[in-house]
Amino acid sequence: MKLMTCPLNGPRNISEFVYGGEVKTMPNHKTCTDKEWADYVFYSDNTIRLVLEWWFHSPSGYWFIAERHTASDEIVRTFDPSELYQERVEFDQADSASEVSK
């Protein structure tokens, strides 16, 4: 059984986690092109190296970041996103509602 250490709940069965994608800089959602947004959401480098990835612990609803080697699949460390991000990204719901009504 493979274990992953959740920063909030400790070591847990890997089946309790969901992969959320590579940690990378998000383009400005109001000014970027569709291609830039698609590149951000769907594409990654896919090379052998240490990467930072978003992971979600399903039973607790907790998002965190893991540093993992893509060749060995070794998880080097896991940590709370507050170590990298000091501000929460807010999407303006008024913009979303006006886009839907068009």
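The minimum heavy-atom distance linking Glu16 with Pro59 is given by the pair O-CD, 3.6 Å.
Looking at residues two or more places apart in sequence or on another chain, you find a ring-ring contact (aromatic ring centres under 6.0 Å, His included) between Phe17 and His57, Phe64.
Atom CG of Asp34 sits in a sparse spot, with 12 or fewer heavy atoms from other residues, nucleotides or ligands closer than 6.0 Å. Around atom CG of Asn46, no more than 12 heavy atoms belonging to other residues, nucleotides or ligands sit under 6.0 Å away. Within a 6.0 Å radius of CZ in Arg88, other residues, nucleotides and ligands contribute 12 heavy atoms or fewer.
The main-chain N or O of Ala66 is never found under 3.5 Å from a side-chain atom of Thr78 such that the two would form a donor-acceptor pair.
Interatomic distance, Arg68 CZ to Arg49 CZ, rounded to the nearest 0.5 Å: 10.5 Å. We find the CG-NZ distance between Asp45 and Lys24 to be 8.0 Å, quoted to the nearest 0.5 Å.
No continuous path of ILVMFWY side-chain contacts below 4.5 Å connects Ile75 to Leu50, so the two sit in separate hydrophobic clusters.
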Show me, pair by pair, the donor-acceptor contacts under 3.5 angstrom made by side chains of residues 36-43, not counting sequence neighbours?
residue	atom	partner	partner atom	Å
Glu36	OE1	Thr33	N	2.8
Glu36	OE1	Thr33	OG1	3.4
Asp39	OD2	Lys35	NZ	3.0

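Put simply, the side chain of Lys2 reaches to within 4.5 Å of the side chain of Asp73, judged on heavy atoms. Contact check for His69 versus Ile48: side-chain heavy atoms found under the 4.5 Å cut-off.
Leu84 belongs to a hydrophobic cluster whose other members, connected by ILVMFWY side-chain contacts under 4.5 Å either directly or through intermediates, are Val18, Val23, Leu52, Trp54, Phe56, Trp63, Ile65, Phe79, Tyr85.
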